[in-house]
Amino acid sequence: MEPLKKHHGIVYPLNRSNVDTDQIIPKQFLKRIERTGFGQFLFYNWRFNDDGSLKENFSLNDPKYNDASILVGGENFGCGSSREHAPWAIQDYGFKVVIAPSFADIFYNNCFKNGILPIQLPNDAVEKLMEKAEDEIYGLSVDLEKQVVYGREMEVNFDIQPYHKEMLLNGWDEIAVTLTHEDKIDQYEKNTKGVKTLGIS
Amino acid sequence: MSQPKTIIEKVWDQHVVHEEEGKPNLLYIDLHLIHEVTSPQAFEGLRLSGRKVRRPDLTYATMDHNVPTIHRNVIKDQISKKQMETLEENCEEFGISLADINHPDQGIVHVIGPELGLTQPGKTIVCGDSHTSTHGAFGALAFGIGTSEVEHVLATQSIWQAPPKTLQVHIDGKLGTGVTAKDLILAVIGRFGVRFGTGHVIEYTGEAIRNLSMEERMTICNMSIEAGARAGLISPDETTVEYLRGKRYVPEGEEFDQVAQQWLNLASDPGARYDMELEIHADEIEPQVTWGTNPSHCVPVSAQVPDPLDAESDDEKDSIERALEYMGLEANQTIQSIPIEHVFIGSCTNSRISDLRKAADIVKGGRVHEGIRALVVPGSQSVKQAAEKEGLDQIFIDAGFEWRDAGCSMCLAMNDDIVPPGERCASTSNRNFEGRQGNGARTHLVSPEMAAAAALEGRFVDVRKQMSTV
């Protein structure tokens, strides 16, 4: 996984609460067996008409957000299905950072596995970001090391679990990290004796 | 005496493999369930890094999300076909048991786990599917994970998880006649919203929960994720033990009695404390119908669609307006005036034998209303067989329902069971998100009884009135 330390990019504001993963990537695109190529289907039903043409009234289709790489959403972003296709689509489309007042747990976790930084900011900071990014092309800098986002007329610190932070800063392969504890997993299996087969514990 | 503990803490503590300051816990996983949609990239990841599946014997796979529920062996969609073939190849290569499309044990992953007895109290269970919370009905700690985590569990049989906060949802009193577990969980989400559970594991307690059958408990725990919770569970009791007795993967005889005692000991201790506590009274709950685009958008069947002007915040007003527009409804319209075109009885929420029995009771002797397409999709091939043995299939078919093979089907419309744009479906599934049952489809979540009654009437009706006339 690519490390993520600092990022500067244009903000795209998606001013809706409870954006679910069915909206982020509709189910008809979950049949692929690859991890790549999902960006073209991001927010598909919001971005496209039935004939495949762009919906003019959906903000992501506004050319001013063409180069956006920071997605700002409302409360409970990424709720619903556990599909990792959602962060895959967000990343493949070109977003590196997602900011929201709150995230759904599974989506939040899935982001870190893919080198996307989800940042939880207080409501008023998110509202301010939304306003700015709706009015103008608004650039924002993110410094993960210092846990701060800053742009014109705004600077906010954010919290993040040290483990998640390390993972992104180093671009860790989590499985490799876990396997450094393999002896403990062996020991656990020996101690519990149980979990012998599928059913019988 | 030691501090009283919740079942959540007990199961958690038993599974911690490794803990370290500033890190989540490394948690051992007892059962890993796999399906065709969220696993291919995980297996590919293993191959690319030359890793093996650590415990194929604790891993079980089936095909459910995009299997056809009719003409089983004619899979027209080549990409779906490829996904199923890929699962077959992966299970073969890594030595994992698979209930494939022609296997008698095939079914929705959250239906077959319990019916085979793979799901047991005290287990940690994961699956690349958010409705894994279903298995919590048994007092298992069960949660949905992403594909990277599926790969991680395949490789290490463990997962990094921060200890959850605990949340008690206490439901006292009794559910009225015709009011179901589905109505109860919808009412809870309607009252407290779609994110009250975020960061928490819910334990459902109280008289109303104790009185539920295992299948009804599964309906409750299934929808924990719709409240944002990481998992939802119910402490095991005699109902749990009796359900599991005799199941295929459960021990027999004396060994069963021993293990059953261990299960019962997992129940939350009296006086255990939770990080948060919520309460709701079962007696106040009516049959529920969702009117909007998330499961908290629900009201009693006797009520009206809400008015955005009554919203308490701008955010809520926006959300109601957008939902009404998508759903093609007017503010203040009565729920019982809403006509429907489709009925779907199925999904990991409500496709078990007791769901089908209850729906069949309503349907018996009736006719599906003109112009309505109604589907019954059993949750597993064994549910299907059991239903056919009791003659439920004939009741549905005689009334004009289609009787299908097992799968997720119209809950998420990955196969051909799709609701067309702008059309309306009374559905026993769990999500009424925009486009969930098909692009532009309008979903109303209800209980199997309410779906059956709507099928006969062509619109939503209070099933309790139908019951009194039967």
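These values consider heavy atoms only, across backbone and side chains, with no hydrogens, waters or symmetry-generated copies. Below, chain A is the first sequence line, B the second, and so on; all start at residue 1.
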Looking at [options], which has the largest count of heavy-atom pairs under 4.5 Å with chain A?
options: B:G438, B:G440, B:P295; result: B:G438
options: B:K247, B:K23, B:M414; result: B:M414
options: B:K82, B:H65, B:E151; result: B:E151
options: B:I225, B:D315, B:N439; result: B:N439
options: B:G228, B:P421, B:S80; result: B:S80
options: B:E20, B:E149, B:E44; result: B:E149

Which atoms of [X] approach chain A - backbone, side chain, both or neither, heavy atom under 4.5 Å:
X: B:I145; value: backbone
X: B:R248; value: neither
X: B:E316; value: neither
X: B:N430; value: neither
X: B:A162; value: neither
X: B:R230; value: both
X: B:S319; value: neither
X: B:V16; value: backbone
X: B:I79; value: both
X: B:T86; value: side chain

B:T38 versus A:E84, side-chain donor and acceptor atoms under 3.5 Å: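 Absent: no donor and acceptor within the cut-off.
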Any side-chain donor near an acceptor of the partner, A:W88 and B:Q41, under 3.5 Å: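 Looking only at side-chain atoms, B:Q41 and A:W88 do not form any donor-acceptor pair under 3.5 Å.
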Those residues of residues 124-132 of chain B, ordered by number, that approach chain A below 4.5 Å (heavy atom to heavy atom):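 Within residues 124-132 of chain B, the residues under 4.5 Å from chain A are B:G128, B:D129, B:S130.
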Given a strict heavy-atom distance threshold of 4.5 Å, which part of [X] is in contact with chain B: side chain, backbone, both, or neither?
X: A:Y44; value: neither
X: A:H164; value: neither
X: A:A176; value: both
X: A:D183; value: neither
X: A:I185; value: both

Any donor-acceptor pair under 3.5 Å linking the side chain of [X] with the backbone of [Y]?
X: A:K31; Y: B:Q78; value: no
X: A:K27; Y: B:G435; value: yes
X: B:Q14; Y: A:T192; value: no

Which atom of B:F433 lies closest to which atom of A:G80, heavy atoms considered: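 Looking at all heavy atoms of both residues, the closest pair is CE1-CA, 3.9 Å.
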Exercise: identify the closest heavy-atom pair between B:V37 and A:L30: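 That closest heavy-atom pairing would be CG1-O, 3.6 Å.
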Ring center gap for A:H181 and B:W160 short of 6.0 angstrom: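 For A:H181 and B:W160, the ring centres are under 6.0 Å apart.
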Residues, nucleotides or ligands: over 12 heavy atoms within 6.0 Å of B:K52 NZ: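 Not more than 12 within 6.0 Å, no.
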B:K81 atom NZ, neighbour heavy-atom count above 12 within 6.0 Å: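 No, the 6.0 Å shell around NZ holds no more than 12 heavy atoms from other groups.
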Spacing of B:I418 atom CD1 and A:Q28 atom CD [to the nearest 0.5 Å]: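 The CD atom of A:Q28 is 8.0 Å from CD1 of B:I418, to the nearest 0.5 Å.
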Straight-line distance of A:N76 CG to B:F196 CZ, nearest 0.5 Å: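 Reported value, rounded in 0.5 Å steps: 11.5 Å.
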Option passing side-chain hydrogen bond (donor to acceptor under 3.5 Å, both in side chains) with A:T178 (candidates B:H18, B:H152, B:Q157):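 Of the listed residues B:H18, B:H152, B:Q157, the side-chain hydrogen bond (donor to acceptor under 3.5 Å, both in side chains) partner of A:T178 is B:H152.
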How would you list, in number order, the residues of [range] that have a heavy atom less than 4.5 Å from chain B?
range: residues 50-62 of chain A; value: A:D50
range: residues 112-143 of chain A; value: A:K113, A:N114
range: residues 11-18 of chain A; value: A:N15, A:R16, A:S17, A:N18

Close side-chain approach of A:D20 to B:N294, heavy-atom, < 4.5 Å: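 Sidechains of B:N294 and A:D20: no contact.
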Heavy-atom pairs under 4.5 Å with chain B - which of [options] has more of them than the others?
options: A:R32, A:E182, A:Q187; answer: A:R32
options: A:Q161, A:E34, A:R83; answer: A:E34
options: A:S102, A:G74, A:P26, A:S81; answer: A:S81

Side-chain ion pair, B:E19 and A:K184, N-O less than 4.0 Å: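 A salt bridge is absent here (no side-chain N lies under 4.0 Å from a carboxylate O).
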Ionic contact status for B:R195 with A:D105, cut-off 4.0 Å: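 No, A:D105 and B:R195 are not salt-bridged.
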